[in-house]
Amino acid sequence: GVENYVDVPDGVWFNGNFTVEFKAFLRRYTTYATFLDFGNGASADNVLVALDQVNPGNLKLWTYIGAGASSLGAHTPVPLNQWVHLAATVQGSTATLYQDGVIVARGPVNTPAAVVRTNTFLGRPNWPQDTYADALMDDVRIWGTARTSEQIRQFMNQPVNASDPDLVLNYRFDESSGTTVLDSRAV
């Protein structure tokens, strides 16, 4: 919901190729509505998945090396008031954005540095002027590899193998109570 977020433990979450994927139920469009922001503050080694500032309904991926940013944005808005699967992959210097398993953008971005990120959030930005996503999120996964289109489509609506060595984070949000989210990987 609005101003609810998850503070993910510090760590080296990105080390070359990666995939971030999750389900979202977006209730309204806002500028820079943040789904995921893993960084060390504003403009500090961030990997950011949010809504675009120019086209606020469109998904966008930003990658920072230090304060140097690159980005890739979709040209199709994320639908409101329905669950949608969103994914971003980086393979080398090429990013691909997906919406419900369909490619909505592909282009060059910086490959994030393999650094410890200490401000790692789901649903909250590192920039104080940006907005939290007015959305629900489910099945958040980070992979240490760029998943293929086929893998994204195959597993977007079902659980993945929790012991897969490429699975870096797996928040299913299926806890029965409380305010703590558990990583569902078999570690």
Side-chain angles (χ1 to χ4, degrees), residues 5-6 8 13-27 29 32-39 46-52 55-64 69-112 117 120-125 133-162 164-174 181 183-185:
Y5 67 94
V6 175
V8 179
W13 293 102
F14 305 100
N15 186 11
N17 301 335
F18 71 88
T19 300
V20 171
E21 63 177 321
F22 55 93
K23 292 178 187 169
F25 188 96
L26 187 60
R27 291 179 253 200
Y29 300 136
Y32 287 121
T34 303
F35 293 111
L36 177 143
D37 189 352
F38 282 31
N46 304 72
V47 173
L48 173 66
V49 179
L51 295 182
D52 192 359
N55 300 300
N58 296 1
L59 186 67
K60 194 164 185 177
L61 167 70
W62 288 264
T63 60
Y64 286 75
S70 64
S71 65
L72 175 67
H75 300 288
T76 307
V78 175
L80 292 174
N81 300 313
Q82 67 184 51
W83 284 102
V84 61
H85 182 270
L86 302 171
T89 66
V90 172
Q91 173 79 38
S93 61
T94 301
T96 306
L97 300 179
Y98 296 85
Q99 186 170 299
D100 282 333
V102 176
I103 295 172
V104 293
R106 178 175 277 147
V109 296
N110 296 330
T111 302
R117 289 174 172 82
T120 49
F121 307 116
L122 300 176
R124 174 186 164 184
D134 187 2
L136 302 173
M137 293 177 70
D138 199 17
D139 290 329
V140 177
R141 303 170 186 151
I142 298 177
W143 300 86
T145 187
R147 304 275 284 176
T148 66
S149 297
E150 293 77 23
Q151 290 171 317
I152 288 171
R153 281 191 298 276
Q154 180 181 359
F155 292 103
M156 67 184 192
N157 292 314
Q158 62 183 348
V160 295
N161 179 352
D164 187 314
D166 290 326
L167 187 59
V168 178
L169 177 85
N170 189 24
Y171 283 170
R172 298 202 52 215
F173 293 102
D174 58 1
V181 179
D183 189 343
S184 302
R185 290 177 300 141

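All values reported here derive from a predicted model rather than from experimental measurement.
- In this structure, the side chain of Asp183 does not engage the main chain of Tyr171 through any donor-acceptor pair within 3.5 Å.
- In this structure a side-chain-to-backbone donor-acceptor pair under 3.5 Å is present from Thr19 to Arg147.
- With rounding to the nearest 0.5 angstrom, the OG1 atom of Thr96 is 7.5 Å from the CG atom of Leu72.
- The aromatic rings of Trp13 and Phe38 sit perpendicular, their planes meeting at an angle over 60°, well past the 30° parallel limit.
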Could you go through Val49 and Phe22, starting from their C-alpha distance and side-chain angles, then the distance that decides it, and tell me whether this counts as side-chain contact (heavy atoms from CB on, under 4.5 Å)?
CA-CA 11 Å; Val49 179; Phe22 55 93; 4.1 Å; yes

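- Minimum heavy-atom separation, Ser184 to Arg172: OG-CG, 3.4 Å.
- At a threshold of 4.5 Å between non-hydrogen side-chain atoms, the residues Phe14 and Val168 do not count as touching.
- Atom-to-atom distance recorded for Phe18:CZ and Thr111:OG1 is 8.5 Å, nearest 0.5 angstrom.
- In this structure, Arg27 and Asn81 have side chains that are in contact, with non-hydrogen atoms separated by less than 4.5 Å.
- A salt bridge is absent between Asp138 and Lys23; no separation between the charged side-chain nitrogens and carboxylate oxygens falls under 4.0 Å.
- Side-chain contact between Phe173 and Val6 is present, with at least one heavy-atom pair separated by less than 4.5 Å.
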Begin from the C-alpha positions of Leu26 and Leu51 and carry the test side-chain contact (heavy atoms from CB on, under 4.5 Å) through to its verdict.
CA-CA 10 Å; Leu26 187 60; Leu51 295 182; 3.8 Å; yes

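- Here the CZ-CG distance, from Arg124 to Leu122, works out to 12.0 Å after rounding to the nearest 0.5 Å.
- Between Phe35 and Val140 there is no side-chain heavy-atom pair separated by less than 4.5 Å.
- Counting all heavy atoms, side chain and backbone alike, Gly123 lies closest to Tyr5 at C-CB, 4.0 Å.
- Note on ring orientation: taking the six-membered ring where Trp is involved, the planes of Trp62 and Tyr32 are tilted (angle from 30° to 60°).
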Under 3.5 Å, which donor-acceptor pairs link side chains of residues 84-91 to any protein atom two or more places apart or in another chain?
residue, atom, partner, partner atom, Å
His85, NE2, Glu21, OE1, 2.9

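- Judged by distance alone, with hydrogens and angles left aside, the side-chain atoms of Asn17 form a donor-acceptor pair with the main-chain N or O of Gly92 at under 3.5 Å.
- Residue Val109 comes nearest to Ala95 through the heavy atom pair CG2-CB, 3.7 Å, listed as atom of the first residue, atom of the second, then distance.
- Not one N or O on the side chain of Arg141 forms a donor-acceptor pair closer than 3.5 Å with the backbone of Leu167.
- Taking each heavy atom of Val78 and Tyr29 in turn, the nearest pair found is O-OH, 2.5 Å.
- The structure places OG of Ser71 at 9.5 Å from CG of Leu48, a figure rounded to the nearest 0.5 Å.
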Quick one, Ile142 with Leu36, criterion side-chain contact (heavy atoms from CB on, under 4.5 Å). Give me CA distance, side-chain angles, the key distance, then yes/no.
CA-CA 11 Å; Ile142 298 177; Leu36 177 143; 4.3 Å; yes

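- Looking at heavy atoms from C-beta onward, Leu61 lies in side-chain contact with Val47 at the 4.5 angstrom threshold.
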Show which side-chain atoms of residues 151-162 pair as donor or acceptor with protein atoms under 3.5 Å away, not counting sequence neighbours.
residue, atom, partner, partner atom, Å
Gln151, OE1, Thr148, N, 2.8
Gln151, OE1, Thr148, OG1, 3.3
Arg153, NH1, Gly101, O, 3.3
Gln158, NE2, Gln154, O, 2.8
Asn161, OD1, Ser163, N, 2.9
Asn161, OD1, Ser163, OG, 2.7

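- When all heavy atoms of Pro125 and Thr34 are compared, the closest pair comes out as CB-OG1, 3.3 Å.
- When all heavy atoms are compared, the tightest approach of Asn170 to Arg185 is CB-CG, 3.9 Å.
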Report the C-alpha separation of Leu59 and Thr76 in whole Å, then their side-chain angles, then the decisive distance to 0.1 Å, and conclude whether the side-chain contact (heavy atoms from CB on, under 4.5 Å) test is met.
CA-CA 8 Å; Leu59 186 67; Thr76 307; over 6 Å; no

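- The backbone N or O of Tyr64 sits nowhere less than 3.5 Å from a side-chain atom of Asn46 that would complete a donor-acceptor pair.
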